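Predicted, not measured: the structure shown is a model, and the values here were computed from it.
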Amino acid sequence: MDFRVMVLSLLIWLTPLAAGAMEQMDKLNLLMYQYPTQAMEQINQLEKQLDKPGTPEIERLRLSLLKCFNLLQLGENEAALNLAQLGDAKAKQLKLDRARPYFLTCQADAYTNYDMLKLALPLLDSAVILAKRYQQPQALVNALRLRGQLDTDTDNFTSAIEDLRLALDIYPDIHTQINDWSWPPQAYLYAAMSNLLYASGDLQQALYYANLGLQSDEAKGKAQQALLINAAMVTLANGDTQASDNLLKQAKALQPEIASPLELAFSYGIIASIDFKRGRLDSAEELIRLSLHTFEAQRKLIVTMRAKRLLAQILFAKGKNDAAMELIEQAISQGIELGQYSDLEEFYAIVSQHYAAQANFKLAYAYSLKRYQAKEQADQALNDARFIQFKARLNQQESLQLVSQPDTGNALFAFKGLYLALIAATLVLLCVCVWYLIYRKHRHQAGNSGVQESGSMTQELDAMLSGAKRGNTPLSLLLFNTSHVRQVDLSPLQSQMEQRLREQDKLIRYSMDELVIILPHTSAVGAKRVMEQLVDCIQPWQAGFKVNLGLATLQHFDTLASLIKRANISHLGQVKATESPASSPQAQ
């Protein structure tokens, strides 16, 4: 037989095998978000099939990538992290740089599950840049989605909405690249956008995107349950308890489809948190104890700590204070050991509220101070992560400039520009530090000018919120930004504002640029009337600037921080509407 005929026959025989492997991986890419345990079984089988001479390295690399993301779906972060690092090194060795942004995103996702933002954020920035450079929309969509979720969790809403909108815009182009690698279901992007809008207070739009995710053909198995739970939380916050219960019932019905004990434990934990919010304490306790047993057995330290926090809250609500305190103290010890400052802030807040409800104000105050110390540490950790991200972006820009401008003079100019930028950033950071020291000194001296001490102020506000919740009475909060008022005018302005308020209302200098007005026994309608009176009072003190006050009304599961955050979002919305009054109706 002619040699050329033999080669042609061999190629014809091998081509369907290669195509079959790639087609199987395409199916696995969706299956791992729906039924990750089944997907892992198929990945292991496919690994054996591809473990033979002559298998293209690109196929092995892609299967390794799918396994990395599948491990994340199963909660196996450490294994996923190791595999992602090996995959990135292998991609470099094979000069398949277009595969690197996928492995970097898998690494970042694993670090995110450990709350290691200092490592996750720069990796995501690198993944975005590489995805753009090598025209990999699949990698770009996934990196933007994850970065948007991180920004949502850290209240960086402007950056989050830019990333998620871009991810949704380019999603239709994910199959225009030469080779398929891995991409998230579009329903997950809808869920991420829903969570962002939920966190920013736009519940109607949050519900719209949650429903888009549920209507997707990809919503099956674990993905469908995650979307149902997400929609149940948004619907509950929107006040439709019946619809929320129906969605939660559907999510519970899907639990038998979850094969992995760890996946099931995560599902139980999320449902328990919703049951707790709905007041179904027995169901919530049963589910979170099942989750806690699995987390402890598999040594999942961070989620174990958070499960203990929820169980402690449930026991506090049941009046089992001793058992609750034992659990929350265990969670605090783990939080200190793991350096989880944002979690510690929540733990201390729970204990402070408990002691305040018991009229033990000395301990409530002590834990309130610990809470704010933890918040400062959490903010510092986040600022460090952002600064590292900023430096990483500078280094990436430096590399891009060197590639695009090989000329020595231009490169030297680029280096000088980057060093100047670093010097400028350092000076800005020093100025911020100096300002913060002055600010802290001012806060310590603020008692002479009528400003309350931070700890006692917050304790009093928390007590007012707790009283309103226990009595099931309305409460509203107004927020006024004083940046357009001269410092020397603040004291007389506060006096005039207090004259417009009732005796039980509280006007407090919450920060250097914020006044907070607490209106007990006041609904949103009544608060708007008070706003009108205060606007007339404030306007002469900031001539030339429109007066905008943020408004938030107390919901049953609000904390002081969430109430002030929603009032701040309301204020920013008014400022935006003032700047572009004609654009708002069309946007809706």
Side chains of C106 and L72 in contact at under 4.5 Å (non-hydrogen atoms): yes
ask   = Would S267 and Q225 count as having a side-chain donor-acceptor pair, cut-off 3.5 Å?
value = yes
Side-chain heavy-atom pair M305, D343 within 4.5 angstrom cut-off:
yes
Residue set satisfying side-chain hydrogen bond (donor to acceptor under 3.5 Å, both in side chains) with D163, at least two apart, ordered chain then number -> R147
Residue pairs meeting salt bridge (charged side-chain N to carboxylate O under 4.0 Å, His left out), one or both in residues 475-495, sequence neighbours left out, come to R486-D489
With sequence neighbours left out, the residues meeting side-chain hydrogen bond (donor to acceptor under 3.5 Å, both in side chains) with T152 are none
Rounded to the nearest 0.5 Å, the CG atom of L140 sits from the CD1 atom of I170 at a distance of 3.5 Å
Main chain of A108, side chain of T112: is a donor-acceptor contact present, judged purely on distance under 3.5 Å? yes
The complete set of salt bridge (charged side-chain N to carboxylate O under 4.0 Å, His left out) pairs with one or both residues in residues 234-248, sequence neighbours excluded, reads D245-R278, D245-R280
TODO: Report yes if the side chains of L554 and T473 come closer than 4.5 Å at any heavy-atom pair, otherwise no.
DONE: no
side-chain hydrogen bond (donor to acceptor under 3.5 Å, both in side chains) filter on K375, not counting sequence neighbours, yields D379
T559 meets the side-chain contact (heavy atoms from CB on, under 4.5 Å) criterion, sequence neighbours left out, with A561, S562
Here the pair of heavy atoms bringing I302 nearest to N113 is CD1-O, 4.1 Å
| I274 and K277: side chain to side chain contact (heavy atoms under 4.5 Å, CB included), yes or no, with the steps? | CA-CA 5 Å; I274 298 178; K277 292 178 181 178; 5.6 Å; no
Does any part of the side chain of Q313, heavy atoms only, come nearer than 4.5 Å to the side chain of I350, both counted from C-beta? yes
Discussion item. Donor-acceptor pair, distance only, cut-off 3.5 Å: does the side chain of S216 make one with the backbone of L212?
Written reply: no
R145 meets the side-chain hydrogen bond (donor to acceptor under 3.5 Å, both in side chains) criterion, sequence neighbours left out, with N142
In the structure I gave you, are the side-chain heavy atoms of I538 and L549 within less than 4.5 Å of one another anywhere? yes
So CG of D125 and CG of L130: to nearest 0.5 Å the spacing works out to 11.0 Å
Subject >> Test side chain to side chain contact (heavy atoms under 4.5 Å, CB included) applied to L563 and L475, step by step >> reply: CA-CA 10 Å; L563 198 61; L475 180 143; 4.1 Å; yes
Practice prompt. Give a yes or no on whether the backbone of L207 and the side-chain of N211 come within a donor-acceptor separation of less than 3.5 Å.
Written response: yes
Is it true that a side-chain atom of S244 and a backbone atom of A232 form a donor plus acceptor pair closer than 3.5 Å?
yes
Legend entry - Pair I517-L477, side chain to side chain contact (heavy atoms under 4.5 Å, CB included): steps then yes or no: CA-CA 6 Å; I517 302 103; L477 181 144; over 6 Å; no
Heavy-atom closest pair (T105 atom, A143 atom, distance to 0.1 Å) is OG1-CB, 3.7 Å
dist S273:OG -> R306:CZ (nearest 0.5 Å) comes out at 12.5 Å
When every non-hydrogen atom of D151 is compared with those of A160, the smallest separation belongs to CB-CB, 3.6 Å
Practice item. Indicate yes or no: at least one non-hydrogen side-chain atom of L168 is less than 4.5 angstrom from one of V141. Key: no
Between Q555 and A237 the two heavy atoms that sit nearest each other are OE1-O, 4.3 Å
Heavy-atom nearest pair, D275 first then A284, reads CB-CB, 3.8 Å
Residues at least two apart in sequence or cross-chain that pass ring-ring contact (aromatic ring centres under 6.0 Å, His included) with H354, listed by chain then number, are F316
Taking every heavy atom of A231 against every heavy atom of L214, the minimum-distance pair comes out as CB-CD1, 3.7 Å
- prompt: F480 and V485: side chain to side chain contact (heavy atoms under 4.5 Å, CB included), yes or no, with the steps?
  reply: CA-CA 11 Å; F480 171 52; V485 179; 4.0 Å; yes
Practice task
State whether D462 and R371 are salt-bridged, where the test is any N-O pair (Lys NZ or Arg NE/NH1/NH2 against Asp/Glu carboxylate O) under 4.0 Å.
Solution key: yes
Is there a donor-acceptor pair closer than 3.5 Å between any side-chain N or O of D505 and the backbone N or O of R502? yes
May I ask you to test the S352-Y365 pair for a side-chain heavy-atom distance under 4.5 Å?
no
Applying side-chain contact (heavy atoms from CB on, under 4.5 Å) to Y355 and not counting sequence neighbours gives M325, V351, N360, L363, A364, Y367
R566-T553 side chain donor-acceptor pair, cut-off 3.5 Å
no
NZ of K469 to CD of Q353, rounded to nearest 0.5 Å, is 6.5 Å
Rounding to 0.5 Å, atoms CD (Q539) and CZ (F545) come to a distance of 10.5 Å
- Task: Answer yes or no: is there a donor N or O on one side and an acceptor on the other, between the side chain of E218 and the main chain of G213, under 3.5 Å?
- Result: no
Indicate yes or no for a side-chain donor-acceptor contact from S368 to the backbone of A366 under 3.5 Å, with no hydrogens or angles considered.
no
Keeping E345 on the side-chain end and A374 on the backbone end, is there a donor-acceptor pair under 3.5 Å? no
Report, one line per pair, each donor and acceptor closer than 3.5 Å where one atom sits in a side chain of residues 184-195; sequence neighbours left out.
unit_1, atom_1, unit_2, atom_2, d
Q186, NE2, Y190, OH, 3.4
S194, OG, A206, O, 2.7
S194, OG, N230, ND2, 3.4
N195, ND2, A191, O, 3.3

- Item | Side-chain donor-acceptor pair present, N481, S483, cut-off under 3.5 Å | yes
Discussion item. Main chain of T522, side chain of S476: is a donor-acceptor contact present, judged purely on distance under 3.5 Å?
Written reply: yes
Those residues at least two apart in sequence (or on a different chain) that pass ring-ring contact (aromatic ring centres under 6.0 Å, His included) with F276 are none
Here the gap from L197 atom CG to F157 atom CZ, rounded to the nearest 0.5 Å, amounts to 10.0 Å
Residues at least two apart in sequence or cross-chain that pass ring-ring contact (aromatic ring centres under 6.0 Å, His included) with Y171, listed by chain then number, are none
### Task
Check whether any side-chain heavy atom of L478 lies under 4.5 Å from a side-chain heavy atom of L515, and answer yes or no.
no
